K.L.:
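Right, I'll just put the structure down here and ask away after.
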Amino acid sequence: MFNSSRASANSIINRVMSNANGIGSSKIDSRNNSNQTGENGHKVSDKAHSVKEVQNLRSVTNQYINHVKENYEGKVASNINADSAKSFLEAKSQSVSGGTLNTYSSLMNKVADNLNKDNIGSLNRADIQSIKNELKERVELKSEHINRAYNNPHAIKAEMQNSTMSISADLQHEAGLRANDAIDSSKWTINPNNTITINGSKGGNDYTTRELSQNTIDKAQSAINANYKANYTEYKEALKEAVEATGQTWDKNGTHGLRYDFAQERVQELIKDGKTQDEANGQTSLEMGHSRLDITNHYTDH
């Protein structure tokens, strides 16, 4: 029997994810056997049935439980309730779009369901629905989108070729890596099919890139052999100089600009190969190591 009264934040997170793991199980069976219903009154599964859904649920569970730990006195379990959930979602409403907030709310339903399996706290779906309805009255359902992609990423990379950090720019553009992943070769595992698995990325997640050019793979292997690890500030300054040398704007783009270029180019490439828009966005999301598809949509909506 799980003792929630003495449970740490990490143990509670692990219990939620263990209870919610539905990979390999039938979503239809899980829904039919569920005691939970959605807003439309139909039965819903309380499990996460895909790798992506598990990743999304883990992200939200981590964020919520750590919000409780950091903002409420006493043991974590005793403060898992409607008040802390409302505080968490209100805090999120200050930094995300209404659509993203809806995603958070939906995932918080599964968090509540799987907390209840071990009698952890008192949060339930009715609480989440009430919070969601209240926030809907105050939160704008859309946010201003800023396209951070560079107009000519190839020119930027050409400017970087004489730099020892050129591999980082190559990987940001060709593979969509985050800057912190692109400057640290200790995170890279090169696979036989010319993809690279990034280990320990944001949130501790691992992900695998698209298939890369042989030239980029060779440069990456050389960087691994040399134990390449660049200083972020130095890389940012080198990239900034290359951007400005090509007559492009640095301010709003930053190191994330090449990642935006990758996302937009990759989605169009996949659509040309016969993927639907949703399929292309989904595959690109996986290749970028995103925990939620709506994040990728910000990169590709231009």
Side-chain angles (χ1 to χ4, degrees), residues 2-22 36-39 44-48 50 52-144 201-205 285 289-298:
F2 181 72
N3 187 347
S4 65
S5 63
R6 296 185 178 182
S8 67
N10 284 339
S11 64
I12 291 174
I13 292 166
N14 289 336
R15 287 301 300 176
V16 170
M17 296 312 301
S18 176
N19 289 335
N21 188 352
Q36 305 297 338
T37 56
E39 295 178 42
V44 294
S45 172
D46 55 18
K47 294 185 179 295
S50 69
K52 179 55 62 178
E53 191 177 12
V54 167
Q55 291 175 337
N56 290 347
L57 185 60
R58 179 176 289 279
S59 175
V60 172
T61 304
N62 271 317
Q63 291 176 58
Y64 170 56
I65 298 301
N66 282 302
H67 175 86
V68 175
K69 179 181 178 181
E70 293 167 5
N71 292 279
Y72 290 81
E73 296 180 0
K75 295 188 181 300
V76 174
S78 61
N79 289 294
I80 292 175
N81 51 40
D83 287 340
S84 62
K86 181 178 179 181
S87 170
F88 171 66
L89 290 172
E90 282 183 333
K92 285 298 167 187
S93 73
Q94 303 302 310
S95 59
V96 302
S97 69
T100 301
L101 189 62
N102 281 335
T103 300
Y104 269 90
S105 299
S106 296
L107 288 167
M108 281 292 288
N109 283 323
K110 289 187 187 290
V111 173
D113 294 341
N114 289 287
L115 286 166
N116 289 335
K117 291 178 183 178
D118 284 311
N119 296 314
I120 304 173
S122 60
L123 186 63
N124 57 52
R125 281 180 172 258
D127 293 329
I128 302 300
Q129 186 59 48
S130 177
I131 296 165
K132 180 179 176 181
N133 290 340
E134 182 178 340
L135 289 176
K136 268 186 176 181
E137 297 178 2
R138 293 186 277 142
V139 178
E140 192 67 34
L141 293 181
K142 61 182 179 179
S143 60
E144 180 183 1
S201 185
K202 186 176 181 180
N205 293 325
S285 180
H290 278 155
S291 60
R292 305 190 313 275
L293 180 58
D294 60 285
I295 299 176
T296 308
N297 293 340
H298 277 285

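Bear in mind the structure is a predicted one, so any value in this text is a computation, not a measurement. Residue numbers start at 1 and run along the sequence shown.
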K.L.:
Any side-chain donor-acceptor pair under 3.5 Å between Ser59 and Gln63?
P.N.:
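Checked: Ser59/Gln63 side chains pair up, N/O donor to acceptor below 3.5 Å.
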K.L.:
Measure the OH-CG distance between Tyr64 and Leu107 for me, rounded to the nearest 0.5 Å.
P.N.:
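Tyr64 atom OH to Leu107 atom CG measures 14.0 Å (nearest 0.5 Å).
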K.L.:
Any sub-3.5 Å donor-acceptor pair from Asn205's side-chain atoms to Ser201's backbone N or O?
P.N.:
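Not at all, since once roles are kept as given, no pair shorter than 3.5 Å links the two residues.
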K.L.:
Test your reading of the model: is there a side-chain donor-acceptor pair from Ser93 to the backbone of Glu90, 3.5 Å cut-off?
P.N.:
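Confirmed, Ser93 side chain pairs with Glu90 backbone.
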K.L.:
Is the closest side-chain heavy-atom distance between Leu135 and Tyr104 below 4.5 Å?
P.N.:
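SC-SC contact between Leu135 and Tyr104 ruled out.
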K.L.:
Looking at every heavy atom in both Met17 and Val54, which two are closest together, and how far apart are they?
P.N.:
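Closest pair (atom of Met17, atom of Val54, distance): CE-O, 3.5 Å.
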K.L.:
Could you check Ile80, Asn81, Asn79 and say which one makes a side-chain contact (heavy atoms from CB on, under 4.5 Å) with Asp83?
P.N.:
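Among Ile80, Asn81, Asn79, the one that satisfies the side-chain contact (heavy atoms from CB on, under 4.5 Å) with Asp83 is Asn81.
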K.L.:
Apply the side-chain contact (heavy atoms from CB on, under 4.5 Å) test between Ile12 and each candidate in Leu115, Thr61, Val68; give the one that qualifies.
P.N.:
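Of the listed residues Leu115, Thr61, Val68, the side-chain contact (heavy atoms from CB on, under 4.5 Å) partner of Ile12 is Leu115.
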K.L.:
At what distance, to the nearest 0.5 angstrom, does NZ of Lys110 lie from CG of Asn19?
P.N.:
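Nearest 0.5 Å value for the NZ-CG distance: 13.0 Å.
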K.L.:
Could you tell me if the side chain of Val44 sits less than 4.5 Å from the side chain of Arg125, heavy atoms only?
P.N.:
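Yes. Closest side-chain heavy atoms under 4.5 Å.
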K.L.:
Please determine, by modelled atom types, if Lys117 and Asn114 share a side-chain donor-acceptor pair under 3.5 angstrom.
P.N.:
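Asn114 and Lys117 do have a side-chain donor-acceptor pair below 3.5 Å.
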K.L.:
Quick one: CG on Asp118 to CZ on Arg15, what's the gap to the nearest 0.5 Å?
P.N.:
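One gets 4.0 Å once the value is rounded to the nearest 0.5 Å.
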K.L.:
Per the side-chain contact (heavy atoms from CB on, under 4.5 Å) rule, which among Lys132, Gln129, Lys92 passes with Ser105?
P.N.:
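Exactly one option meets the side-chain contact (heavy atoms from CB on, under 4.5 Å) with Ser105, and it is Lys132.
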K.L.:
Between the side chain of Asp127 and the main-chain N/O of Asn124, is any donor-acceptor distance below 3.5 Å?
P.N.:
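The answer is yes, because a donor-acceptor pair under 3.5 Å joins these two groups.
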K.L.:
Indicate yes or no: at least one non-hydrogen side-chain atom of Ile13 is less than 4.5 angstrom from one of Asn66.
P.N.:
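The answer is yes; the side chains approach within 4.5 Å.
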K.L.:
Rounded to the nearest 0.5 Å, what separates atom CG in Leu89 from atom OG in Ser84?
P.N.:
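If we round to the nearest 0.5 Å, Leu89:CG and Ser84:OG are 9.5 Å apart.
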K.L.:
Nearest 0.5 Å, please: how far is OG in Ser106 from CG in Leu57?
P.N.:
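The CG atom of Leu57 sits 11.5 Å away from the OG atom of Ser106.
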K.L.:
Are Gln55 and Lys52 linked by a side-chain donor-acceptor pair shorter than 3.5 Å?
P.N.:
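Result is yes, a qualifying pair exists.
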